[in-house]
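What follows is one structure encoded as structure tokens, with my remarks underneath.
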Amino acid sequence: MSRLNLSFACWGYDRTEALQTGQVRPDGIDLNFQVLDVEETFFRMIRNREFDVAEMSMSSYCVTLGREDPGFIAIPVFPSRFFRHAGIFVSAKSGIEKPADLVGKRIGVPEYQLTAPVWIRGILQDEYGVDPSSVTYFFGGEEEPGREEKLKINLPEKFKVIPIGPEQTISRMIADGELDAVYAPRAPSTFYSEPDKVRRLFPDFVAVEKAYFAKTGIFPIMHVVAIRRDVYEKNRWVAQALYKAFVEAQKLVYEQLMVSASLKTMLPWQIAAVEDTIATMGKEWWPYGIDRNRHVIETFTRYHHEQGLSPRQLTVEDMFAPETFSEFRI
């Protein structure tokens, strides 16, 4: 019996490794798994729709849902999640010591619509009272000049978003004090090469992020898995088949990370880190699916709308294939 061949672009995560090796195979599907950096995957999928299925920025995906011809439909699989207090970097020349000091400052972002800055702006607003429109944003390449927004965005006038110069980079600008702070998924290289010039706003970010989780129950979602809508419409069954396979692949990782006879990763205190994570977040600390993530998703879509990226707040039902909202029981 023939199987459906689908191309799939994603970074090489532990939670997708079994799909890459073929240890887990989606029902009725052969995956052509292409391991690519996330920036390349996003650019090629959003601009050119090159893959049948791909990892995708949750923010970019939400932007596409506001278009006349939304090209993708997602399943509730989240290959990337990340607490984002650690992603706020400040220039030593800025005088910024606490979140309130960000008001009125010059903030660098690789792209305004990236998921990480959406979360950061929302967290700063909810937890520290920093209005997203109270700063000026400068966007462009973090390490290489010439980066542009992958998607054209039309923002309300209250948001001031300006491109940096064609030869400038955000990493260099924050070190030189031309930017006061940076909100980014990647640490600027000058944070490591010039630590006297660039530092984190929250040096003890692990403790801050644990306190945030204890208060809100939110482990921020960065990426979804998106199916090209024409592929989905021809084969509606692929949404559930893929979802089941991702869940099975992730389950293997939960088990492997607890094996102490031989460490799965090169982290010397891996077992201690896993035990601490379970104590803080529970045994399934990286949940897929709708029910356990509804509050997280609704918080993000509120931020997305409040920051001018969605004309209305999207619902969870707007975002995911309906086949993935429930499953059979025997």
Side-chain angles (χ1 to χ4, degrees), residues 1-46 48-58 61 72-82 185-186 219 221-228 231-232 234-271 273-275 277-278 281 283-289 292-293 320-321 323-324 327:
M1 184 179 295
S2 63
R3 299 167 64 89
L4 182 64
N5 290 298
L6 295 180
S7 58
F8 173 53
C10 184
W11 199 50
Y13 300 108
D14 59 355
R15 44 220 172 263
T16 58
E17 181 181 7
L19 292 166
Q20 183 182 347
T21 63
Q23 182 180 0
V24 172
R25 300 179 72 192
D27 297 337
I29 296 171
D30 285 328
L31 283 182
N32 177 356
F33 195 123
Q34 300 182 43
V35 179
L36 302 173
D37 285 343
V38 295
E39 290 91 346
E40 180 177 357
T41 297
F42 297 168
F43 184 88
R44 292 172 62 181
M45 187 62 158
I46 292 167
N48 303 317
R49 305 185 184 183
E50 291 185 40
F51 311 105
D52 298 313
V53 186
E55 175 182 12
M56 184 174 287
S57 152
M58 187 153 77
Y61 173 60
F72 313 101
I73 185 72
I75 60 175
V77 168
F78 312 113
S80 177
R81 304 180 80 130
F82 213 117
R186 293 179 183 266
F219 183 14
I221 294 168
M222 296 295 122
H223 305 163
V224 296
V225 170
I227 306 168
R228 219 174 57 224
V231 173
Y232 166 74
K234 290 177 183 176
N235 304 279
R236 296 285 292 265
W237 57 270
V238 301
Q240 186 65 262
L242 289 168
Y243 177 73
K244 286 171 54 182
F246 276 100
V247 170
E248 184 179 350
Q250 186 200 42
K251 188 179 299 183
L252 294 173
V253 181
Y254 279 126
E255 297 168 356
Q256 292 164 354
L257 288 175
M258 285 300 293
V259 174
S260 57
S262 182
L263 295 178
K264 174 69 173 176
T265 72
M266 295 196 305
L267 296 172
W269 293 283
Q270 169 190 306
I271 301 301
V274 172
E275 290 174 352
T277 299
I278 291 172
M281 303 177 68
K283 289 185 178 180
E284 294 184 15
W285 63 85
W286 197 298
Y288 293 164
R292 291 184 59 196
N293 290 289
F320 297 101
E323 294 82 1
T324 60
E327 55 189 272

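What you see below is based on every heavy atom in this structure, not just the backbone, and it leaves out hydrogens, waters and symmetry mates.
- Annotation: side-chain contact (heavy atoms from CB on, under 4.5 Å) contacts of Met281 (sequence neighbours excluded): Phe83, Phe213, Phe219, Thr277, Trp285.
- In this structure, the side-chain hydrogen bond (donor to acceptor under 3.5 Å, both in side chains) partners of Arg236, at least two apart in sequence or on a different chain, are Tyr232, Glu323.
- Leu4 places a side-chain heavy atom less than 4.5 Å from the side chain of Val238.
- The closest side-chain heavy-atom distance from Thr16 to Phe33 is below 4.5 Å.
- Listed here is the closest heavy atom pair of Pro76 and Thr324: CD-OG1, 3.2 Å.
- The side-chain hydrogen bond (donor to acceptor under 3.5 Å, both in side chains) analysis of residues 238-255, with sequence neighbours excluded, yields the pairs Asp27-Lys244.
- For the side-chain contact (heavy atoms from CB on, under 4.5 Å) test, residues two or more places apart in sequence or in another chain that qualify with Leu267 are Thr265, Gln270.
- Counting heavy atoms from C-beta on, the side chains of Arg186 and Glu39 come closer than 4.5 Å.
- For the ring-ring contact (aromatic ring centres under 6.0 Å, His included) test, no residue two or more places apart in sequence or in another chain qualifies with Phe78.
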- Could you walk me through whether Val225 and Leu242 pass the side-chain contact (heavy atoms from CB on, under 4.5 Å) test, one step at a time? CA-CA 9 Å; Val225 170; Leu242 289 168; 5.7 Å; no

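- When every heavy atom of Val259 is checked against every heavy atom of Ile271, the shortest pair comes out as O-CD1, 3.6 Å.
- Here the shortest heavy-atom pairing between Met258 and Val274 reads SD-CG1, 3.2 Å.
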- Item | Worked verdict on Ile73 versus Tyr61 for side-chain contact (heavy atoms from CB on, under 4.5 Å) | CA-CA 9 Å; Ile73 185 72; Tyr61 173 60; 4.0 Å; yes

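- Using a 4.5 Å heavy-atom cutoff, the side chains of Phe51 and Val231 are not in contact.
- With sequence neighbours excluded, no residue satisfies side-chain hydrogen bond (donor to acceptor under 3.5 Å, both in side chains) with Asn5.
- In plain terms, the two heavy atoms of Ala249 and Leu19 that are nearest each other are CB-CG, 4.1 Å.
- With sequence neighbours excluded, no residue satisfies side-chain hydrogen bond (donor to acceptor under 3.5 Å, both in side chains) with Glu275.
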- Task: Give the intermediate values and the outcome of side-chain contact (heavy atoms from CB on, under 4.5 Å) for residues Phe320 and Asn293.
- Result: CA-CA 12 Å; Phe320 297 101; Asn293 290 289; over 6 Å; no

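- Sorted by first and then second residue, the salt bridge (Lys or Arg N to Asp or Glu O under 4.0 Å) pairs involving residues 257-266 (not counting sequence neighbours) are Glu17-Lys264.
- Every residue meeting the salt bridge (charged side-chain N to carboxylate O under 4.0 Å, His left out) condition with Asp30, not counting sequence neighbours, appears here in chain and number order: Arg3, Arg25.
- Note on ring orientation: taking the six-membered ring where Trp is involved, the planes of His223 and Phe42 are perpendicular (angle over 60°, cut-offs 30° and 60°).
- Residues satisfying the side-chain hydrogen bond (donor to acceptor under 3.5 Å, both in side chains) test with Gln23, not counting sequence neighbours, are none.
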Would you list the atom pairs, donor with acceptor, under 3.5 Å between side chains in residues 6-15 and any protein atom, with sequence neighbours excluded?
unit_1 : atom_1 : unit_2 : atom_2 : d
Ser7   : OG     : Asp52  : N      : 2.9
Ser7   : OG     : Asp52  : OD2    : 3.2
Tyr13  : OH     : Glu55  : OE2    : 2.4
Arg15  : NE     : Pro79  : O      : 2.7
Arg15  : NH2    : Pro79  : O      : 3.0

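- The heavy-atom pair separating Trp286 from Arg81 by the smallest distance is CZ2-N, 3.3 Å.
- The shortest heavy-atom contact between Met58 and Val224 is SD-CG1, 3.9 Å.
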